[in-house]
Amino acid sequence: MDRERGDRRGRRSPRSSRIQETARRNVGIDALRVVSVSAVVVGHATPGMPGAEFLQIWRMPLFFVLAGFFFSDARTLGGEVRTRWRTLGVPYIVWFVLVSAAVAAMAATPWPFDDGVVARALIGGAFTDMPYLAIWFISVLFFTAVLMRAVVGLPWWVGAAITLAGLVLAELPDSAAAYTPLGIGLVPACLGFMLAGFWFRRIRHRVPLPRLTGPLAVAVGLGAVALGAEPMNMKWSGFGTFLLSPALAVLISCGMVLIFAHPVDDLLSRSRPAVTVVSELVRVATLVVFLHPVILHLTHQALGVESSGLRVILALLVCWALGVLVNRTRLSPCLTGLPARGAAARA
């Protein structure tokens with residue numbers, strides 16, 4: 001027992017030190033989650049930018065891979081539904097109401113949104129448009145997580161078969177998978193990305209030379225896109241070159257996880273301010289996903305900002321700053337999906 005707890009001088013045993021290291025939150029992977037949200041904002045602000053295909057191939061799949069990477073083993077199916085309702089469903093409804101109020105308020109201004117945009121957003125999926133650009137992803141993520149919970153304990157081939165069926169469905173001519181209510185037709189195909197993240201977490205520590213393997217995986221994936229592999233636009237059932245593009249998206253995403261889990265984490269974890277900033281930002285990612293289209297619209301239409309890069313910077317600054325403030329209020333569960341910062345400690 002003494003060896004487990006350390007010696008009488010208070011020094012930690014090697015085993016307890018390893019446990020502490022394992023338990024430490026990886027700030028690099030949290031930073032990758034911040035990057036993934038920022039990439040969504042960039043994609044919405046600059047849809048036709050040169051080299052967009054190198055962003056499109058991974059920016060949405062990465063969300064699902066990371067969701068699978070952090071997928072809990074401990075919940076029941078009912079627990080999964082309750083958790084996802086609290087973290088995704090409630091913010092979805094609240095932000096839908098708030099954004100719809102913004103649409104109504106701007107109807108009489110010189111910068112209104114398109115007619116019928118609210119009605120189309122009610123359906124969700126590929127029917128959504130500015131300023132509801134990202135809500136399709138939240139609903140699809142919700143249902144994908146519930147499906148994941150249902151199949152994760154089954155033989156591996158069950159999830160693989162569901163994913164394959166979803167990708168085949170998306171490939172059919174005039175596929176309506178993305179035009180289903182709340183984009184639920186996209187769920188089977190998206191399950192594959194979440195499963196990939198789930199299993200990658202369990203083998204990540206077996207990957208040889210992760211600091212080299214990560215950049216190599218990203219380079220191979222992007223290189224394949226440069227050689228002609230099609231990028232993806234999942235919102236419209238666009239999964240690129242059949243099987244190849246999804247596989248490249250997983251390869252790039254896993255490579256990014258290795259990069260951020262090792263060299264980036266090594267760098268950030270040495271700086272307490274960096275750890276604090278990343279911790280603050282990652283908690284309010286859901287707010288940024290919902291709010292940024294409104295800010296992009298206002299900076300362009302109301303403020304006349306023509307530079308897409310400047311619009312991205314302004315949207316990120318406004319959304320992250322507002323999110324950090326909201327996360328310290330009682331509004332946090334409704335707007336970010338998480339309790340107010342420090343609420344657990346106060347309780």
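Side chains included, hydrogens not; waters and symmetry mates left out as well; all remaining heavy atoms used.
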Open item on the list: Is the distance from the ring center of F142 to that of Y92 below 6.0 Å?
Closed with: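 No, the ring centres sit 6.0 Å or more apart.
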Open item on the list: Is the distance from the ring center of F64 to that of F198 below 6.0 Å?
Closed with: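 No, the ring of F64 stays outside the 6.0 Å limit from the ring of F198, centre to centre.
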For [X] versus [Y], what's the shortest heavy-atom pair and its separation?
X    : Y    : answer
R328 : A340 : C-CB, 4.3 Å
G255 : A217 : CA-CB, 3.9 Å
L287 : C319 : CD2-O, 3.5 Å
A134 : H292 : CB-CE1, 4.2 Å
S279 : R341 : OG-NH2, 2.8 Å
S237 : A177 : OG-CB, 3.7 Å

Would you call [X] and [Y] a side-chain contact if the rule is heavy atoms closer than 4.5 Å?
X    : Y    : value
V250 : P61  : no
R75  : T83  : yes
V140 : M234 : no
L133 : T128 : no
F193 : P246 : yes
L55  : M49  : yes
P188 : T163 : no
P131 : H297 : no

According to a hydrophobic-cluster definition based on side-chain heavy atoms being under 4.5 Å apart (Ile, Leu, Val, Met, Phe, Trp, Tyr only), do [X] and [Y] belong together?
X    : Y    : value
L258 : F70  : yes
V220 : F54  : no
L316 : V305 : no
M194 : W156 : yes
L331 : W85  : yes

Open item on the list: Less than 3.5 Å apart, any donor N or O on the side chain of R84 or T144 sitting next to an acceptor on the other?
Closed with: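 Looking only at side-chain atoms, T144 and R84 do not form any donor-acceptor pair under 3.5 Å.
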For [X] and [Y], indicate whether the former's side chain and the latter's backbone hold a donor-acceptor pair under 3.5 Å.
X    : Y    : result
R149 : S72  : yes
S271 : L268 : no
R270 : D266 : yes
T213 : L209 : yes
S332 : T329 : no

Open item on the list: I'd like to know whether Y179 forms a side-chain contact (heavy atoms from CB on, under 4.5 Å) with W236, so could you lay out the CA-CA distance, the side-chain angles of the two residues, the decisive distance to 0.1 Å, and finally the verdict.
Closed with: CA-CA 8 Å; Y179 292 90; W236 287 284; 3.2 Å; yes
Would you list the atom pairs, donor with acceptor, under 3.5 Å between side chains in residues 31-43 and any protein atom, with sequence neighbours excluded?
{"unit_1": "R33", "atom_1": "NH1", "unit_2": "D30", "atom_2": "OD1", "d": "3.3"}
{"unit_1": "S36", "atom_1": "OG", "unit_2": "R33", "atom_2": "O", "d": "2.6"}
{"unit_1": "S38", "atom_1": "OG", "unit_2": "V34", "atom_2": "O", "d": "3.0"}

TODO: Please lay out, stage by stage, how R283 and N327 fare under the test side-chain hydrogen bond (donor to acceptor under 3.5 Å, both in side chains).
DONE: CA-CA 8 Å; R283 288 180 57 84; N327 192 222; 2.9 Å; yes
Open item on the list: Within the supplied structure, the quantity of interest is the number of heavy atoms (other residues, nucleotides, ligands) at a distance under 6.0 Å from R202 CZ; does it exceed 12?
Closed with: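 Above 12, so yes.
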If you measure from [atom1] on [X] to [atom2] on [Y], what distance do you get to the nearest 0.5 Å?
X    : Y    : atom1 : atom2 : answer
L251 : L244 : CG    : CG    : 10.0 Å
I259 : L212 : CD1   : CG    : 10.5 Å
L141 : T286 : CG    : OG1   : 8.5 Å
S175 : L167 : OG    : CG    : 10.5 Å
H300 : M130 : NE2   : CE    : 9.5 Å
H44  : I295 : NE2   : CD1   : 14.5 Å

Task: Evaluation steps, ring pair (Phe, Tyr, Trp, His ring centres under 6.0 Å), between F290 and F96 - done: CA-CA 8 Å; F290 283 113; F96 188 93; 9.7 Å; no
Open item on the list: The test is side-chain contact (heavy atoms from CB on, under 4.5 Å); show your working for L195 and F71 and say whether it passes.
Closed with: CA-CA 9 Å; L195 283 168; F71 198 80; over 6 Å; no
Open item on the list: As a quick check of understanding, evaluate side-chain contact (heavy atoms from CB on, under 4.5 Å) for T46 and R311, giving each step before the final call.
Closed with: CA-CA 10 Å; T46 58; R311 291 202 303 273; 5.8 Å; no
Acceptor/donor pairs from residues 109-116 side chains to any protein atom, 3.5 angstrom cut, sequence neighbours excluded:
{"unit_1": "T109", "atom_1": "OG1", "unit_2": "M106", "atom_2": "O", "d": "2.7"}
{"unit_1": "T109", "atom_1": "OG1", "unit_2": "W111", "atom_2": "N", "d": "3.2"}

Task: F127 six-ring centre to R120 NZ/CZ under 6.0 Å and within 45° of normal - done: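 No, cation not above the ring by the 6.0 Å, 45° rule.
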- [ ] Identify which one of W58, W136, F137 satisfies the ring pair (Phe, Tyr, Trp, His ring centres under 6.0 Å) criterion when paired with F63.
- [x]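 Between F63 and the candidates, ring pair (Phe, Tyr, Trp, His ring centres under 6.0 Å) is satisfied uniquely by F137.
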Task: For S139, the option from L182, I184, L186 that meets side-chain contact (heavy atoms from CB on, under 4.5 Å) - done: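 So, applying the side-chain contact (heavy atoms from CB on, under 4.5 Å) to S139 and each of L182, I184, L186, only L182 qualifies.
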- [ ] Show your reasoning for whether side-chain contact (heavy atoms from CB on, under 4.5 Å) applies to F200 and V207.
- [x] CA-CA 10 Å; F200 182 66; V207 175; 4.2 Å; yes
